2 protein chains.
Amino acid sequence: MKISKAAKACGLSADTIRFYEKSGMLPDIPRGPDGHRDISAKDIDWLTLLYWLRETGMPLKQMKRFTALAKAGDAGVAERRQILRDHSAELGRRRALLDRCEEVLAIKIASYGEAP
Amino acid sequence: MKISKAAKACGLSADTIRFYEKSGMLPDIPRGPDGHRDISAKDIDWLTLLYWLRETGMPLKQMKRFTALAKAGDAGVAERRQILRDHSAELGRRRALLDRCEEVLAIKIASYGEAP
DNA sequence: TAGCGGGTTGGAGCAGCTCCAAGTCAACAG
DNA sequence: CTGTTGACTTGGAGCTGCTCCAACCCGCTA
């Protein structure tokens, strides 16, 4: 699969995919005879997971750690699971922030007087 | 109030407050005879609102627009309300993303096998 | 009178993209 | 066969939104 199709499939931009590859966050992606990337369905799965992680604010540093563990295979499974658990907990905290912010906004909007 | 106390009160860092001031996102903050900022309770309210907006991902550009409207007084109220409404809607979308991500993580975690 | 704990400024550095220039190659039009 | 289009390649510059740093000033206590 070419990069632009892959981008649509995983939700990241083509530039971001290239950037993640440069940063060592992707498995080795083979090139065709024309030098173009040949991105597999497995790669798409990985990219999609990365998409979710960064979309919900995981720092690159942690994504790199996660990648390194994935490359290590079974040995890294426990820590990978822990990272995902931690991130899941982080999402809970973020949701609480969103909720609190909605309250703040509601109060502020009300203070401007109701809808015109 | 001095800047470090203000930082604690509003949730932003002292550096961020200075940065926001440089960027024109704060009302004019007077200096004492020693050159130090004298931040008022009203300023804290404003900073706290900015804290919530940026904490939930509003871009600086929009925060600047919001600030400009606030400086314009009553004339800008309708648009300010609209900006907050739009942001509130945005929060809904973000919550949906968080929810979706939690599902994805749960599936991924399960695929590693249950807790050791 | 020296040192400490705050504050001030301008500017550099960082994360995480995002965009651009310059080049290559395949495919198709004329 | 040549020319144009379009999708890809790379390296590197630019952008956002902080975050940190150096160099300095000021008031205070020992």
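Here the structure is a predicted model, which is why all the values come from computation and not from measurement. In the text below, chain A, chain B and the rest are named by the order of the sequence lines, each starting its count at 1.
Residues that satisfy the side chain to side chain contact (heavy atoms under 4.5 Å, CB included) test with A:E102, not counting sequence neighbours, are B:S88, B:L91, B:R95. With sequence neighbours excluded, no residue forms a side chain to side chain donor-acceptor pair (under 3.5 Å) with A:E55. Take B:S4 and apply the side chain to side chain donor-acceptor pair (under 3.5 Å) test, not counting sequence neighbours, and it matches no residue.
As rounded to whole Å, 11 Å separates atom P of C:dT9 from atom CD1 of B:I29. If you take CG of A:L12 and P of C:dC19, they are 14 Å apart, rounded to a whole angstrom. Atom P of nucleotide D:dC18 and atom CG of B:L50 are separated by 10 Å, given to the nearest angstrom. When the P atom of C:dC17 is taken as reference, atom CE of A:M25 falls 7 Å away, rounded to whole Å.
For residues 5-45 of chain A, no residue pair satisfies the ring-ring contact (aromatic ring centres under 6.0 Å, His included) rule, not counting sequence neighbours. Applying the ring-ring contact (aromatic ring centres under 6.0 Å, His included) test to pairs two or more places apart or on separate chains, those with a residue in residues 42-99 of chain A are A:W46-A:F66.
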Handout entry: Letter per nucleotide, 5' to 3', of nucleotides 5-17 of chain D [B base touched, S only sugar-phosphate touched, - untouched; heavy atoms, 4.0 Å]
Key = ---SBBB-----S

Handout entry: Verdict with reasoning, A:D45 to A:K42, per salt bridge (Lys or Arg N to Asp or Glu O under 4.0 Å)
Key = CA-CA 5 Å; A:D45 286 349; A:K42 256 195 95 181; over 6 Å; no

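The side chain of B:S13 contributes no N or O atom lying less than 4.0 Å from OP1 or OP2 of D:dC18.
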